2 protein chains.
Amino acid sequence: MNLYSFILRKDDISLQKNKSEKYNKILNSAGAVFAKFGFYKATISQIAAQAGVADGTLYLYFKNKDDILYQFISFKTNVVFKEMHIAVKKGRNAEEKLRYLIRCHLTEFQNDRNMAIIFQSEVRYLRDIESQIKDISKMYLDLLSDIIEQGQIEGSMRQDLFVGLVKRFILGAVEGVISTWVSADGRYDLVSMADPLVDLYLTGLKGQ
Amino acid sequence: MNLYSFILRKDDISLQKNKSEKYNKILNSAGAVFAKFGFYKATISQIAAQAGVADGTLYLYFKNKDDILYQFISFKTNVVFKEMHIAVKKGRNAEEKLRYLIRCHLTEFQNDRNMAIIFQSEVRYLRDIESQIKDISKMYLDLLSDIIEQGQIEGSMRQDLFVGLVKRFILGAVEGVISTWVSADGRYDLVSMADPLVDLYLTGLKGQ
DNA sequence: TTAGATAATGAACCTTTATTCATTTATATT
DNA sequence: AATATAAATGAATAAAGGTTCATTATCTAA
């Protein structure tokens, strides 16, 4: 038994423990309940009932209520960021990269409305308890920084942009659009907002 | 005694009751405590202690804990929107109006950080309990709509703008910038972001 | 098949905290 | 000053709900 097999075994254990069917069931149920009632109003009993298990069972898979939210966001963040990285790679230049990123962002959130709601409203609370997800948007903002800097090198974006402001500007606007969509109960197609939105980023209200 | 004096008296009473020193003290204390701990973790005792009154006293001025948050947001919203309307009026054209609006927005939030924090994180909760503040951002969005439409008439803004998207885009971006400022513990000057931000709205990342 | 280990249960426990209200203090009136 | 009215107090109450753990069910391996 060498180090490698040890690592494998370790992964196996954590796989069995972390990705068991029940674990996922609980996590999804929690997502639904948190999204519906908000973290504080949601109760352990509600989540347990939704998952079809006893209250005590949650504590076999999670440390406490906070931990459930933390794991939920952790997990979703990983999935989404993986997708975003792939999306950005598809672009051949800064403009394309930005377009793919925004499309991906809206697609992922449209496909997982519970996540969208929770990200929108509970992330600030998490910041208090777990700084491991130190900046949930850090990675996103870094992605944006890279794109903008590339755009400046390519000459497709202005040289005088204050990158720190621009990336916040971009993220804020997407979040705003998502937030509206959530409030409207997801009644329209969110992804179709991507291109007009990127268009706004690039050419602004004035146009050329 | 005519109708007018009756109204005056009515106002006087409500002034005495609603704007008493103690009422304001409690409201401000609540703002500080809510901002620091978040609505749910904040306790009545903390707020009372901060205001230098007994726990029970809060219930002479407010219906319950929810009501304190509701009144806080209600009050701040009124003040800020009044300022915003004044600011917008100062602009002679759409572009100026937008500029004054954003400057005002950032100024007000910079001057009242507790409000900024609470608006950023607790507004969603309020939506659940009190739909009287139906759309806390509704008025703001309407202001923006008017500005954009005026800009289109003046010819300073593109005709093909989807106003519903644009206003969300603008509000989202300001909120994003404020949110970052809050996270940074207000260590830099928020208001100085106004002009670069409006610049981005108008001419975008590409520039002319 | 059966013993031993593991997983699941859910009622009881216990802490927390919003709210109440009998009592006390302050204010206004005659 | 005496009385009436209003304001404030803070200890007691009660409800909620997160967490525990003794008990039961399920699974595993020999």
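Keep in mind that the numbers below use all heavy atoms, side chains included, and drop hydrogens, waters and symmetry copies. Numbered from 1 within each chain, the chains take letters A, B, ... in sequence-line order. This is a predicted model, so every value here is computed, not measured.
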Checking all strands, does B:A42 fall into the base, sugar-phosphate, or nothing category for heavy-atom contacts under 4.0 angstrom? sugar-phosphate
Do any side-chain nitrogens or oxygens of [X] fall under 4.0 Å of OP1 or OP2 in [N]?
{"X": "B:K22", "N": "D:dA8", "result": "yes"}
{"X": "A:Y59", "N": "D:dC21", "result": "no"}
{"X": "A:T57", "N": "C:dT9", "result": "yes"}

Rounded off to whole Å, could you give me the [atom1]-to-[atom2] distance for the [X] and [N] pair?
{"X": "A:Q46", "N": "D:dG18", "atom1": "CD", "atom2": "C1'", "result": "13 Å"}
{"X": "A:Y40", "N": "D:dA16", "atom1": "OH", "atom2": "C1'", "result": "16 Å"}
{"X": "B:F39", "N": "C:dT17", "atom1": "CZ", "atom2": "C1'", "result": "12 Å"}
{"X": "A:I26", "N": "C:dA7", "atom1": "CD1", "atom2": "P", "result": "13 Å"}
{"X": "B:L58", "N": "C:dT20", "atom1": "CG", "atom2": "C1'", "result": "13 Å"}
{"X": "B:D55", "N": "C:dT17", "atom1": "CG", "atom2": "P", "result": "12 Å"}
{"X": "A:K65", "N": "D:dA16", "atom1": "NZ", "atom2": "C1'", "result": "11 Å"}
{"X": "B:I47", "N": "C:dT19", "atom1": "CD1", "atom2": "P", "result": "11 Å"}

State which of [options] makes the closest approach to the side chain of [X].
{"X": "A:L60", "options": "D:dT19, C:dA18, C:dT9", "answer": "C:dT9"}
{"X": "B:T43", "options": "C:dA18, C:dT19, D:dA8", "answer": "C:dA18"}
{"X": "B:I44", "options": "D:dT9, C:dA8, C:dT19", "answer": "C:dT19"}

What is the minimum heavy-atom distance between B:G38 and B:E122, and which atoms define it? CA-OE2, 3.3 Å
Would you say the side chains of B:Q71 and B:Y61 form a donor-acceptor pair under 3.5 Å? no
Could you tell me if B:D189 and B:Q110 have a donor-acceptor pair between their side chains, going purely by distance under 3.5 Å? yes
So among B:F72, B:Y140, B:F109, which one has a ring pair (Phe, Tyr, Trp, His ring centres under 6.0 Å) with B:F119? B:F109
Parallel, tilted or perpendicular: ring planes of B:F169 versus A:Y201, cut at 30 and 60 degrees: tilted
